[in-house]
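Counting starts at 1 for both ligands and their atoms, in listed order.
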Amino acid sequence: MSKPKVFVTRIIPDRGLHTIIQNTDATVWQDELPPPREVLLQHARDCDGLVTLLTDKIDAELMDAAPRLKVVANYAVGFDNIDVKAATARGIWATNTPGVLTETTADLAFTLLMACARRIAEGRDYAKAGKWRTWGPMLLMGQDIHGATLGIAGMGRIGYAMAQRGKGFGMTILYHDAIRNEKAENDLGATFVSMDELLARSDFLSLHVPLTPETRHLINAESLKRMKPNAVLVNTARGPVVDTMALYEALKAGRIFAAGLDVTDPEPLPADHPLYTLDNCLIVPHIASASFETRSRMAEMAAENLLAGLAGRMPPNCLNPEAKPRL
Ligand code: DGY
């Protein structure tokens, strides 16, 4: 019996890729950049399964062009690149990689928080540029982390892990979410507040919401005005949750202290973007889940999801279990 045909849109860690290659007739896109839309469409045409990244748009058009497609295994926990409703309507399972990247992502969010508070990138640049001539009584002063208030927008798995880190630093935890998180309240003493109160009271505001029509530009010119002048904004969620130009204006005018961004809008942020000109904006290229172990585990999960779907079994991390699988 011939093996199912699969297109993998990028080279992913061996622990998952090896399994996929052994068990399927796989084509792996070798370029560093995502396959262009026409290439993706062309491969999808005779594929039984796709392994995709957040940079691949999996919409109704693509699914209609893929009559054999049974499963889309996303190598990410976020899945705003997939039209899950359209997948369900077509009997295609969509999957993601939840859980394994929670702690690693929270590690990076807290790293950004600390680096912005204590001006680490600026200090590094200053020292490297040969400007360090003596101990400066007022040199590169930043914000205290211990004892400060950490606001979490979106108290899901990653928000909770971020709050745990804050708790370890003696921070007061506030949060806002569409649903109350009793575990965070009981375990960490987190206090549920309105979004307005979160903005007004947080010394550090970390975003952990999925990108939906409701969360697009959650942080905009108005919300930035409500934040404290000493506040640090951290975004490891999705770029469009923040209005980029409003953030630029607020940082430039010193309306908030700093921002640490793992995600941007657009992404990638072009090299000549004005945000890069600001010393109080620390930008890294969407690497929150990028530890060796986590990325390997994500690859394993994507492979497990893919192979289950191809075999007609409900994938372990199915986003649309209600989909009636194609025969
Ligand atoms: C995700 O998984 O959604 C991250 O953004 C990348 O790991």
Using a 4.0 Å cutoff against the non-hydrogen atoms of Met298, which atoms of ligand 1 qualify? 7 (O)
So, Thr277 side chain and Pro274 main chain: donor-acceptor pair closer than 3.5 Å or not? yes
Between Asn220 and Ser223: side-chain donor-acceptor atoms closer than 3.5 Å: yes
Within the 4.0 Å heavy-atom shell around Arg238, which atoms of ligand 1 are there? 1 (C), 3 (O), 4 (C), 5 (O)
Would you say Gly78 and ligand 1 have an N/O pair spaced under 3.5 Å apart? yes
Side-chain ion pair, Glu293 and Arg15, N-O less than 4.0 Å: yes
Quick check: does His286 get an N/O under 3.5 Å from an N/O on ligand 1? yes
Are any of the N or O atoms of Ser289 closer than 3.5 Å to those of ligand 1? yes
Are any of the N/O atoms on Tyr75, whether in the backbone or the side chain, positioned under 3.5 angstrom from an N/O atom of ligand 1? no
Criterion side-chain contact (heavy atoms from CB on, under 4.5 Å) against Met298, the qualifying member of Met301, Glu300, Arg295: Arg295
Looking at Arg157 and Glu103, is there a salt bridge between them, counting it only when a charged N and a carboxylate O are closer than 4.0 Å? no
Val77 versus ligand 1: do any nitrogen or oxygen atoms come within less than 3.5 Å of each other? yes
Salt bridge check: are Glu249 and Lys225 linked by an N-O gap of less than 4.0 Å? no
Subset of ligand 1 atoms that lie under 4.0 Å from at least one heavy atom of Leu101: 2 (O), 7 (O)
Whether Asn74 side chain and Phe79 backbone form a donor-acceptor pair below 3.5 Å: no
Using a strict 4.0 Å cut-off to heavy atoms of Leu54, name the atoms of ligand 1 that fall inside it. 5 (O), 6 (C)
